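Following: one structure in structure tokens, then a few remarks.
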Amino acid sequence: MDKRTQILNAAESILAQHGFYAFSMHHLAETAGVAAGTIYRYFENKEALMDALQAFIRKEAANDVFTGWEDSFTVKQKYDLMWNNVFNAVLANPKRLIVIEMLHCVPNINQAKITLLDDIAFKRLIDFYQQGVTTARFLDWQLLALMAVSFDTSINLAKRIIRNELTFDQHELDQVREASWAIIQNPNFNQQD
């Protein structure tokens, strides 16, 4: 792991455990196992570090979403894969959600940089939904609304399982995923997938 990634991983860990206002560059250096000056070789200041952390997490999250993706998959297979990948990513790293939400509220973060529709890391996801709308397979909703109906079910279900509010077997998970798929379908679309 290179030092920049080491620093970003440490920053994510500190934010998840202690929050933004308890975050210090000194604590980051200790946690990352680097000299404080090393951090400034990679990041001009704390704001630049937070911007870079936002981009780093988005890239990692995109990698999680698309793990196992094959262009030859049907639309439904791609959807199932992404939904399951999101669910499993939240279960595997629940603290990441805390950091993602926190970074949306950090002072001086350029909020324009965290717009999903402009993010190259999620281009396949945007293209997937846009193609669904263009071909009239999906409802003609805003893309972010389609994604919310799709992936918020996956994310929120995983969060409730982590909190021990729910227990689900694979059959029940499949039912929830199928329901989220059904919600975004255009009832006038006739082609079978």
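Given the structure is predicted, the values throughout are model-derived calculations rather than measurements.
No side-chain donor from either of Gln131 and Thr135 sits under 3.5 Å from a side-chain acceptor of the other. In this structure, a donor-acceptor pair under 3.5 Å is absent between the side chains of Asp2 and Gln6.
The salt bridge (Lys or Arg N to Asp or Glu O under 4.0 Å) test applied to Lys59 returns no partner, not counting sequence neighbours. Every residue two or more places apart in sequence or in another chain that forms a salt bridge (Lys or Arg N to Asp or Glu O under 4.0 Å) with Glu165 is listed here: Arg160, Arg163. Here Asp80 pairs with Lys76, Arg177 under the salt bridge (Lys or Arg N to Asp or Glu O under 4.0 Å) rule; sequence neighbours left out.
Phe87 and Ile161 make their closest contact through CZ-CD1, 3.6 Å (heavy atoms, listed as atom of the first residue, atom of the second, distance). Heavy-atom minimum distance, Ala121 versus Ala62: O-CB, 3.2 Å. Summarising the geometry of Asn45 relative to Met25, their closest heavy-atom pair is C-CE, 4.2 Å, with the distance given to 0.1 Å. Contact detail for Val133 and Leu139: the closest heavy-atom pair is CG2-O, 3.5 Å. Between Met102 and Leu15 the shortest heavy-atom distance is CE-O, 3.3 Å.
With hydrogens and angles disregarded, no donor-acceptor distance shorter than 3.5 Å links the side chain of Gln17 to the backbone of Ile14. Judged purely by atom type and a 3.5 angstrom limit, Asn186 has no side-chain atom pairing as donor or acceptor with the backbone of Arg137.
Annotation: ring pair (Phe, Tyr, Trp, His ring centres under 6.0 Å) contacts involving residues 133-168, sequence neighbours excluded, comprise Phe128-Phe138, Tyr129-Phe138, Phe138-Trp181. Here ring pair (Phe, Tyr, Trp, His ring centres under 6.0 Å) pairs that include residues 52-78, with residues two or more places apart or in two chains, are Phe66-Trp69. Among residue pairs with one or both ends in residues 23-42, those qualifying as ring pair (Phe, Tyr, Trp, His ring centres under 6.0 Å) are His18-His27; sequence neighbours excluded.
Inter-residue side-chain proximity for Val86 and Asp64 is flagged as unmet; no heavy-atom pair is nearer than 4.5 Å. Between Thr74 and Tyr79 the shortest side-chain heavy-atom distance does not fall below 4.5 Å. Put simply, the side chain of Ile184 reaches to within 4.5 Å of the side chain of Ser150, judged on heavy atoms. Residues Leu8 and Leu49 meet the side-chain proximity criterion, which asks for heavy atoms closer than 4.5 Å.
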Checking side-chain contact (heavy atoms from CB on, under 4.5 Å) for the pair Lys46/Phe20: CA distance, chi angles, key distance, verdict? CA-CA 11 Å; Lys46 194 174 185 179; Phe20 181 75; 3.9 Å; yes

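Taking CG from Leu103 and CZ from Arg96, the interatomic distance works out to 10.5 Å, rounded to the nearest 0.5 Å.
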